[in-house]
Amino acid sequence: MHVKPCNYSNLTKILLSLCSKSKSFLQTKQTHAFAILHGLLPTDISISASLILRYSAFSSPSTCHLLFQQALPYSRTPFLWNTFIRALSIARVKHDGFQFHVYNTMLRTGIKPDVHTFPFLLKACADVFCFKKGVEIHGSVIKTGFGADVSVGNTLLLFYGNCGGLRETRKVFDEMRERDVVSWNTVLGVFSVNGFYLEALNFFSLMNFSSGMKPNMVTFVTLLPVCGRIGDKRLVAQIHGSVVKVGFNFEVSIGNALVDAYGKCWNSDDSKRVFDEMVDKNGVSWNAIITSLAYMGLNRDALDMFRLMMDVGLKPDSFTISSMIALLVELEFFNLAKEIHGFSLRFGIEHDVFISNTLIDMYAKSGHPSAASNVFHHMNVRRNVVSWNAMVANFAQNRLELAAIELLREMQAHGEVPDSITLTNVLPACGQVGFLRNGKEIHGRTIRLGSNHDLFVSNALTDMYAKCGYLNLAQNVFNNSVKDEISYNILIVGYSQTSEWTKSVVLFSEMGLIGLKHDVVSFMGVVSACANQAAFKQGKEIHGLAVRKHFHTHLFVANSLLDFYTTCGEIDTARKLFDQIQHKDVASWNTMILGYGMLGELNLAISFFEALKEAGIEYDSVSYIAILSACSHGGLLDEGRKYFEAMKAQKFKPTEMHYACMVDLLGRAGLLEEAEQLIKSLPITPDANIWGALLGACRIFGNVGLGCWAAENLFKLKPQHAGYYTVLSNMFAEAGKWDEANRVKEMMKLRGARKKPGCSWVHIQDQDRNVKMGKEVRGSRVSMDTLIWPYTVSKGSTPWHPSEAGKEQWRAGAHIDQKPVPEFDHFYYQPSLAGLPLGQYLMLKELLSAQF
DNA sequence: GCAGTCCAAG
């Protein structure tokens, strides 16, 4: 048998081509060692070049550099230089523009660039959006006379197209001496990726009908996504016709593009038909049909198609896996998504930036922020901007706002440039914690980035300002942007919690007038606006509208209505609505408990709380706030203590709000010392609500000493809050200590604390009357958000009253002239429970009022 | 040359 003499050079080349197919780092390293062992490396430049390219695929620019340096100087031909430049681009050496340094070194060494050098350099510029460098290289192209070369011209087109200079692209195209089909396709692609879809279509007809250039397959593959983007079914069908005419319809890539394009214009029948009729199918075809179905919202069909793909015995690739996980996250099938991830591990395709990104998203959306971080930190592929964005979203959506804001800094330190999606992700975090300064900074950035007119961005900005309590700034962004339903909802909800609540109602009706549809959030916002101000008439009208439009059955809207009727004192109506809600959630129950507590129906409050425990609904810490506040309203000391102990015995950790309730409960029962002890032994720093409760109690019982202590702490926390000064001053006055009383008033003036005039809307016998607050309001419906303390008189249970002296004064109405009504944001007066936990809302309010 | 990941109101 004749054995061919072994040619190690050829063998290495074969091995390298195998490495290219298997994409195995280990094999590449083994081949590298093999080449060194057989003395091929410093001399054989074709092997050096191949290895450099192989390593570039694993983002190892340093190894590429080493291989290049090891190559003997005389063997460094333009070919090797070009390969090195190209490898650096593939390895994505972005930050330092090392390619250009290499190019300059090449020129200095006396090597003349050849016809391949410029395309590689221009491609590098296009990839890293380096406009200045590209223009410079364009200059060298002209100087060296390579401008006439069609492939150089084509990369120039690509460069100018990528870096956004559409005018320049056209100019280069028009000035090209020679054009081939690639030139036409490149411009077509440039139009397509930059969103100039109509221009792309015009350009295609120019090519097809006027230039005499015959479109090739690439032309159609580039054109079809454009048709899909435009969403024109007839256009896709037309292109489909042309494709059939020139006989490209049996090509896999054309079939794939057709499946996708039909899907994008919501033509599921033709999308499926093209897929079924494809003679040749590859993985892309299956991915295309799966993503098309998912795009059209046919999630179940997409899932079935994935199963079919597995049944046929096709191996899913990273495209399949990432889109399947995204699909399952959308369906909230988190367990199934994890299973699919397991699949990908088995197939060894988890090292993909797309898969990692979807995994981050999956864990974030399923409420496992640390698992998401874990994926992020252990990614063994290069993170891209989407990875960072997903992480920012992970933090922002899982109540780790500070981490989200911090990550924005960190990503820049890692050389990643935030895009408009990053900013839309951080903005909610800024709003959530009331970081106005950071929010404004980001606003500035969006303007510099030119993305402030992006609907997502402008909505996020509006929301951020609204959440920070700057409705004027929110309105400003709103006025200067395009608006959709969400923009309106943001402002409706934003105004609903303020004194300008009527703007919510105005925006609500304006929405209808300009043809935008109200949705659940619009109704929720406007009802809660009415609830906050006890605007009974408007609220009832909107309730009527909600019924007509069938929104009243939606849980969130129903909860807002409950809140509305309870704050308006219409507890019986609230009860009727409550009974009609089919699937009540914990907020529905909490609202009722708080409502009954507020109106002094203590037995009902307690029986509702007990019923909630029985109902099999997971009650939360807000439920305890509601029942504790009911107990303190009714002076039910023992019950309150019992519930507080029961709560601690469970998994609930008492928050500031719970302690405030307890201080209030003890204080009103006259157990001021015990309240004092409780505050001193707190495991947390007492907040304004806790001190406020103590101050209120001291005021009732005329305990000036303790009251001073509470007030001092309040002054530290909220120096601008007029209410606290007033209460303290009045306490001194009642104790006959006029000097001290005046001193407190002086202090208040000095610190610039302003009092706000108070007034309350009382509805008596369906008549709206604006009355001065403080009158006996027995049996009427009262909005209590401006009262100093809740003054409720109930039938049926033991009424609780302020101290006799205080009561007398109250009855006489003497305080109306003497005492300004302080704005006192104690939690009783903010009974907005709809949808979200009260505690959180108040914490936010607290943060919002903090000075920056 | 085709396909996939991240974003706003509650």
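In what follows, chains are A, B, ... by sequence order, proteins preceding strands, each numbered from 1.
By the salt bridge (Lys or Arg N to Asp or Glu O under 4.0 Å) test, A/R273 pairs with A/D270, A/E277, sequence neighbours left out. The salt bridge (Lys or Arg N to Asp or Glu O under 4.0 Å) check on A/E500 picks up A/K503, with sequence neighbours excluded. Remark: A/Y363 engages no residue in a ring pair (Phe, Tyr, Trp, His ring centres under 6.0 Å) (not counting sequence neighbours). Partners of A/V244 by side chain to side chain contact (heavy atoms under 4.5 Å, CB included), not counting sequence neighbours, listed by chain and number: A/H240, A/N249. Remark: A/V521 pairs with A/N489, A/V493, A/D519 by the side chain to side chain contact (heavy atoms under 4.5 Å, CB included) rule, at least two apart or across chains. Residues meeting the side chain to side chain contact (heavy atoms under 4.5 Å, CB included) test with A/P215, sequence neighbours left out: A/F204, A/M207, A/N208, A/T219, A/F220.
Atom CD1 in A/I442 sits about 17 Å away from atom P in B/dC7, given to the nearest Å. What separates NZ of A/K483 from P of B/dA9 is a distance of 18 Å, to the nearest Å.
The number of heavy-atom neighbours closer than 6.0 Å to CD of A/Q412, taken from other residues, nucleotides and ligands shown, is above 12.
Within the structure, side chain to side chain donor-acceptor pair (under 3.5 Å) contacts touching residues 289-299 of chain A (residues at least two apart or in different chains) do not occur.
Across residues 451-461 of chain A, A/F456, A/N459 each have a non-hydrogen atom less than 4.0 Å from an atom of DNA chain B (numbered order).
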> What does nucleotides 1-6 of chain B look like as a protein-contact string, B for base, S for sugar-phosphate only, - for none, at under 4.0 angstrom between heavy atoms?
Replying inline: BBBBBB
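Looking at heavy-atom distances under 4.0 Å, A/I490 makes contact with sugar-phosphate atoms alone, never a base.
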